[in-house]
Amino acid sequence: MNNNLVVKHNDLIEASYKLTLEEQRLILASISKVDSRKDVPVEIMITAKEYAELFDLQLKHSYFQLKEATNNLYERDIQIKGKKQTERMRWVYKVAYSDGEGYVTLKFSPEIKLYLSQLNGMFTSYQIANIAKLKSLYSIRMYELLNQWKITGKRVIPLGEFRRILELEDSYPRFADLKRRVIQPAVDELNKQTDIAVSFDVEKQGRAVSTLLFSFSAKPVQLEA
DNA sequence: AATTCGGCTGGGGAAAGGTG
DNA sequence: CACCTTTCCCCAGCCGAATT
């Protein structure tokens, strides 16, 4: 057993991608099996039981969820901003579901591995338990983006950058809608379900919002359910 | 211009419930 | 314990009206 720690290079935190909640959970469960100081295991195995326990789900529902999430994940891609180019790649290059045995295996793409292992500096880490209760699509991403700046407790993100990271460039053209359907729900959920207390403000250029300003701090230690 | 608020729709998450 | 289908409800996403 490990301590279910997720460690990602910051370029991965700020990469542009979109996953469903289940796919996101699968990725995080997989990453938690990687020792960021060492090499990524060739193949990672997740059992339905582990999955259910990590995210507090009923076991009988986790089989199908896990199977579907795994198959969907195979199709997902991610764009990572390099120095000169933005690279597009897949999360995994192989997945398998073992019928009758209740587990999946997956292999991270070689390129993705670069952001998960042999890390020294420029990475963000947190416990899965801190985000296990999050259900809203963007909450987990937001948690990571904030956590990256844990030392200062402040995160400033240009609006365009925020949209790029969450792949919301073509959605919610009106900022008011983005705020109501994405930012506010995520902030509310983080305040309710995680170990940090968050508030946010905006900066305007003329009349339009140009930058998001998040402030956050660790909540006083509370009892874990 | 921008905002908030109200409301509509489609799709998906997850609960309910059942099989072997 | 492993697996599957059906059903329901929530919410992502969009839009109009009133307001600043």
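None of the values given here were measured: they were computed from a predicted structure. Throughout, protein chains are lettered first and strands after them, A, B, ... in sequence-line order, and every chain is numbered starting at 1.
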Using only side-chain N and O atoms of K49(A), determine if any of them is under 4.0 Å from OP1 or OP2 of dA2(C). no
Under 4.0 Å: is that the gap between some side-chain N or O of K67(A) and OP1 or OP2 of dC4(C)?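 Looking at the OP1 and OP2 atoms of dC4(C), one of them is under 4.0 Å from a side-chain N or O of K67(A).
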What's in the same ILVMFWY side-chain cluster as M45(A), cut-off under 4.5 Å, chained through other members?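 Once heavy-atom contacts under 4.5 Å are chained together, M45(A) belongs with Y103(A).
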When Ile, Leu, Val, Met, Phe, Trp and Tyr are grouped by side-chain heavy atoms lying under 4.5 Å apart, directly or through other members, which residues fall in the same group as V42(A)? none
Given [options], identify the nucleotide with an atom nearest to the side chain of [X].
| X | options | answer |
| --- | --- | --- |
| A176(A) | dT3(B), dC4(C), dA14(B) | dT3(B) |
| A208(A) | dA12(C), dC14(C), dA2(B) | dA2(B) |
| P173(A) | dC4(C), dG13(C), dC14(C) | dC14(C) |
| Y138(A) | dC1(C), dG13(C), dT4(B) | dG13(C) |

Tell me whether the count of non-hydrogen atoms from other residues, nucleotides or ligands lying under 6.0 Å of CE in M89(A) goes above 12.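 Atom CE in M89(A) is packed in, count exceeds 12.
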With a 6.0 Å cut-off (strictly less than), is the heavy-atom count around NZ of K49(A), excluding the residue itself, greater than 12?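 Atom NZ in K49(A) is not packed in, count stays at 12 or less.
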Between [X] and [Y], is there a side-chain N and carboxylate O pair less than 4.0 Å apart?
| X | Y | result |
| --- | --- | --- |
| K135(A) | E189(A) | no |
| D201(A) | K154(A) | no |
| E161(A) | K81(A) | yes |
| R76(A) | E22(A) | no |

Rounded to whole angstroms, how far apart are [atom1] on [X] and [atom2] on [N]?
| X | N | atom1 | atom2 | result |
| --- | --- | --- | --- | --- |
| I140(A) | dG13(B) | CD1 | P | 13 Å |
| Q65(A) | dC4(C) | CD | C1' | 13 Å |
| E68(A) | dC3(C) | CD | C1' | 13 Å |
| L178(A) | dT3(B) | CG | C1' | 14 Å |
| Y51(A) | dC3(C) | OH | C1' | 16 Å |
| L21(A) | dA12(C) | CG | P | 11 Å |
| L59(A) | dC4(C) | CG | P | 14 Å |
| R207(A) | dT3(B) | CZ | P | 11 Å |

Keeping to residues at least two apart or across chains, list the salt bridge (charged side-chain N to carboxylate O under 4.0 Å, His left out) pairs with something in residues 137-153 of chain A.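 Passing the test, one end in residues 137-153 of chain A: K8(A)-E144(A).
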Result block: side-chain N/O donor-acceptor pairs under 3.5 angstrom for residues 108-119 of chain A, not counting sequence neighbours:
residue	atom	partner	partner atom	Å
S109(A)	OG	R90(A)	O	2.6
S109(A)	OG	W91(A)	O	3.3
S117(A)	OG	K113(A)	O	3.1
Q118(A)	NE2	D39(A)	OD1	2.7

Under 4.0 Å protein heavy-atom contacts per nucleotide of nucleotides 15-20 of chain B, with B for base, S for backbone only and - for none: BBB---
Look for any protein N or O under 3.5 Å of an N or O in nucleotides 6-12 of chain B and output each such pair with its distance, or none.
residue	atom	partner	partner atom	Å
dG6(B)	N7	R180(A)	NH1	3.1
dG6(B)	O6	R180(A)	NH2	2.3
dG7(B)	O6	R180(A)	NH2	3.2
dG7(B)	O6	R181(A)	NH2	2.7

Report which part of the nucleic acid [X] touches: base, sugar-phosphate, or nothing (heavy-atom distance under 4.0 Å, all strands).
| X | value |
| --- | --- |
| S62(A) | nothing |
| Y97(A) | sugar-phosphate |
| V182(A) | nothing |

Contact nearer the 5' end of DNA chain C, comparing Y63(A) with D170(A): Y63(A)
